[in-house]
Amino acid sequence: MIDVKNYIDGQWVGFDGPSFESFNPTTGAKVARAPVSDAAAVAASVAAARRAFNEGGWRWTKGSVRAAALLKLADMLESRSPAISELIAREMGKPVRVNMAREVEGAVDKLRYFAGAARFLEGSVTGSTVPEIWDMVLPEPAGVAALIIPWNDPVDLAVRKLGAALAAGCTAIVKSSEITPASTAALIEAVHDSGAFPPGVVNLLSGPGQPTGDALVDHPGVDKISFTGSTATGMRIMERAAKRLAKVSLECGGKFPAIITEDADLERCLDAVTYGAFMYGGQSCTACTRLVVDRRLHDRVVEGIVERSRTLPMGDPLDPAMLVGPMASRKQYDKAVSYIRLGIDEGARAVVGGLPADPSSLFLPPTVLVGGPVDGRVAREEVFGPVLVIHPFENEAQALAIANNTPYGLGGSVWSQDINRALRLARRLDVADVWINTHYIRHVETSFGGRHHSGLGRELGMAGVEEYLSWKRLCIDTRSEFHLKNWFEGPSK
Ligand code: NAD
């Protein structure tokens with residue numbers, strides 16, 4: 001069993017208090033033991049991050065210095081990609097192939113982007129003043145950043161925040177998820193072993209929301225909180241952070257609709273939405289969870305999804321041929337099953353999947369629900385599991401009404417070969433991230449985020465780095481006299 005320690009001030013720190021364990025969802029075996037970090041551990045990590053920010057001078061380092069450190073970390077992580085990909089497969093059940101190609105390699109690519117970003121931080125000088133006045137806005141690092149992440153991408157989601165925070169000149173405390181403490185610790189091991197970062201610049205805490213998350217969010221020494229996770233937790237964090245006006249960004253849940261119009265390239269669309277819905281058990285915030293389909297295509301779409309979902313390679317996540325493993329935890333499995341039951345109770349019919357025959361294993365085959373109400377709970381709430389609902393529409397207005405009928409606003413997709421129709425629908429989808437004729441393309445260069453119950457702020461791209469900046473306005477007057485000296489003799493300039 002892996003013994004996960006906290007990482008504070010450049011040291012792996014033993015902990016005398018209570019601990020928790022993570023489990024292999026395929027076998028039930030224990031994977032790791034990690035500390036339930038308390039307020040004292042939180043205080044020690046914040047103090048270390050503060051020292052590194054101020055006395056250690058990380059905030060004043062040149063962009064090129066931070067870039068070099070991030071590039072070194074990227075190389076170290078890349079060299080460990082196979083081992084870390086296997087660890088993620090063991091600790092949360094996401095197939096090793098997905099971890100290699102998307103999670104760890106994706107994180108490496110992001111670190112290299114953020115290295116570049118560290119050298120591109122720009123402010124602005126106002127060009128509309130008299131020439132003797134220099135009026136400008138400077139980017140400065142926000143300070144100590146608490147980075148709270150979920151379990152579904154335990155390395156990549158940490159890097160989205162950590163890379164941006166370090167590029168901006170912040171110091172950071174990463175809080176891992178209680179489901180995947182070892183996977184995120186493997187990233188921080190790469191930080192340590194790279195030798196690229198001075199003590200205290202990067203810290204790691206393990207522990208659940210209570211007491212660890214609460215203590216971190218409440219700590220007055222934390223200047224910026226960046227959270228990815230459920231909407232309920234995001235709301236709680238925002239409420240607590242409001243008491244001291246800490247800067248907050250939130251990447252929360254989603255309920256992704258795909259609008260499939262009558263002129264869609266159906267084969268391509270069915271391939272994409274099947275992967276979108278069921279790859280690693282739908283445990284992704286941008287998993288495709290609702291198909292809103294032109295009624296004329298409805299039966300063909302249902303048939304095509306059923307056929308494809310039956311052939312998706314599901315099994316041991318350590319087998320490189322698999323695309324779907326078990327659900328990450330008993331809690332996640334039970335939640336998904338409860339939504340299947342709810343969907344059936346609401347009047348839907350499972351055309352594939354349905355209530356599992358053997359609930360002792362955490363492998364949950366894809367479920368497709370048809371015929372349920374468009375305003376039912378399973379149609380509007382996030383499941384975070386392999387459950388897809390399909391609704392027919394008669395016209396574009398109805399398609400949009402169904403697609404937008406949820407409190408979330410993370411992402412959606414439009415499937416049409418008519419460019420005008422596709423763009424028309426994309427503009428009217430009330431989400432922050434739209435794919436046209438594709439699914440699961442994400443580039444670090446392009447920022448994304450959520451609206452409504454899906455969150456606040458941006459991640460990735462330069463906008464993602466700006467989330468870790470605090471702007472300073474600086475004004476210099478080079479004239480010989482103070483401009484208000486002759487206040488009563490004329491207007492100030
Ligand atoms: P969660 O909200 O239960 O936990 C997320 C993290 O918050 C964990 O580290 C947890 O320990 C911590 N936490 C819990 N309570 C806290 C508190 N009171 N204060 C501070 N931290 C606290 O979510 P989860 O089950 O780990 O993750 C699944 C959710 O994440 C889904 O809703 C999914 O949509 C969302 N998600 C969103 C994105 C995105 O980019 N929008 C990406 C991935 C996952």
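Just follow the structure's listing: the first ligand is 1, and inside any ligand the first atom is 1.
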Can Arg341 and Asp345 be counted as an ion pair, charged N to O under 4.0 angstrom? no
closest protein heavy atom to atom 35 (C) of ligand 1 is Gly229 O, 3.3 Å
Short version for Thr228: what comes under 4.0 Å of ligand 1, heavy atoms counted, is both
Polar atom proximity, Glu382 to ligand 1 (N or O, under 3.5 Å): yes
Any heavy atom of Leu157 under 4.0 Å from ligand 1? The part involved is side chain
Nearest heavy-atom contact between Leu429 and Ala403 is CD2-CB, 3.7 Å
Note: ligand 1 atoms sitting under 4.0 Å from heavy atoms of Phe448 are 40 (O)
message = With respect to Thr231, determine whether any N or O atom, backbone or side chain, lies less than 3.5 Å from an N or O atom of ligand 1.
response = no
When every non-hydrogen atom of Ala182 is compared with those of Val4, the smallest separation belongs to CA-CG2, 3.7 Å
Note: ligand 1 atoms sitting under 4.0 Å from heavy atoms of Ser176 are 9 (O)
The atoms of ligand 1 lying under 4.0 Å from a heavy atom of Ile237, numbered in the order shown, are 19 (N), 20 (C), 21 (N)
_Under a 4.0 Å threshold between the charged nitrogen and the carboxylate oxygen, would Arg428 count as salt-bridged to Asp430?_
no
ask   = So, is the end of the Arg442 side chain (NZ or CZ) under 6.0 Å from the ring centre of Phe448 and within 45° of the ring's axis?
value = yes
the protein heavy atom lying closest to atom 44 (C) of ligand 1 turns out to be Asn152 OD1, 3.4 Å
Atom 6 (C) of ligand 1 has as its nearest protein heavy atom Ile149 O, 3.5 Å
- Do the numbers put Arg330 on top of the ring of Phe23, so that NZ or CZ is under 6.0 Å from the six-membered ring centre and no more than 45° off the axis? no
Here the atoms of ligand 1 under 4.0 Å from any heavy atom belonging to Phe227 are 2 (O), 5 (C), 6 (C), 7 (O)
So the atoms of ligand 1 within less than 4.0 Å of a heavy atom of Gly213 turn out to be 19 (N), 20 (C), 21 (N)
### Query
Can the ring centres of Trp12 and Tyr7 be said to be less than 6.0 Å apart?
yes
If we number the atoms of ligand 1 from 1 as shown, the ones under 4.0 Å from a heavy atom of Ile148 are 6 (C), 7 (O), 9 (O), 12 (C), 20 (C), 21 (N)
Review point. Gly455 near ligand 1, heavy-atom distance under 4.0 Å?
Key: no
Is it the case that ligand 1 has an N or O less than 3.5 angstrom from some N or O of Gln210? yes
Glu178 to ligand 1: N or O pair under 3.5 Å?
yes
For this session: Evaluate the criterion side-chain contact (heavy atoms from CB on, under 4.5 Å) for residue pair Tyr468 and Leu166; output intermediate values, then yes/no.
Result: CA-CA 9 Å; Tyr468 297 89; Leu166 296 174; over 6 Å; no
When distances are taken from atom 33 (C) of ligand 1, the protein heavy atom at minimum range is Phe384 CE1, 3.3 Å
Mark the output for Cys252 as yes if a heavy-atom distance to ligand 1 is under 4.0 Å, and as no if none is. yes
Residues His439 and Cys288: closest non-hydrogen pair is CE1-CB, 3.5 Å
Next item on the list: Would you please say whether a donor-acceptor pair under 3.5 Å links the side chains of Glu91 and Ser22?
Entry: yes
Ranked by distance from atom 42 (C) of ligand 1, the top protein heavy atom is Cys285 SG, 3.1 Å
Counting heavy atoms under 4.0 Å, the part of Glu251 that contacts ligand 1 is both
Of all protein heavy atoms, the one nearest atom 17 (C) of ligand 1 is Asp214 OD1, 3.6 Å
Out of curiosity, is Ala232 lining ligand 1, as in a heavy atom under 4.0 Å away?
no
For Arg236, the ligand 1 atoms with a heavy-atom partner under 4.0 Å come out as 18 (N)
Open item on the list: Side chains of Arg308 and Thr274: any donor to acceptor distance under 3.5 Å?
Closed with: no
Atom 27 (O) of ligand 1: closest protein heavy atom, distance to 0.1 Å, is Pro150 CB, 3.2 Å
The closest protein heavy-atom partner of atom 25 (O) of ligand 1 is Trp151 NE1, 3.1 Å
Legend entry - Salt-bridge present (Arg236, Asp214; N to O < 4.0 Å): yes
- In terms of side-chain heavy atoms, does Thr228 have a donor or acceptor partner in Lys161 at a distance below 3.5 Å? yes
Checking heavy atoms under 4.0 Å, the part of Tyr408 that sits near ligand 1 is neither
When rounded to the nearest 0.5 Å, the distance separating CG of Leu291 from CG of Leu388 is 4.0 Å
From the list Tyr280, Trp151, Tyr333, Tyr408, ring pair (Phe, Tyr, Trp, His ring centres under 6.0 Å) with Phe384 holds only for Trp151
Inspect the surroundings of CE in Met462 and state if more than 12 heavy atoms from other residues, nucleotides or ligands are less than 6.0 Å away. yes
Inset, instruction - Decide whether an N or O pair under 3.5 Å exists between Ser230 and ligand 1. - result: yes
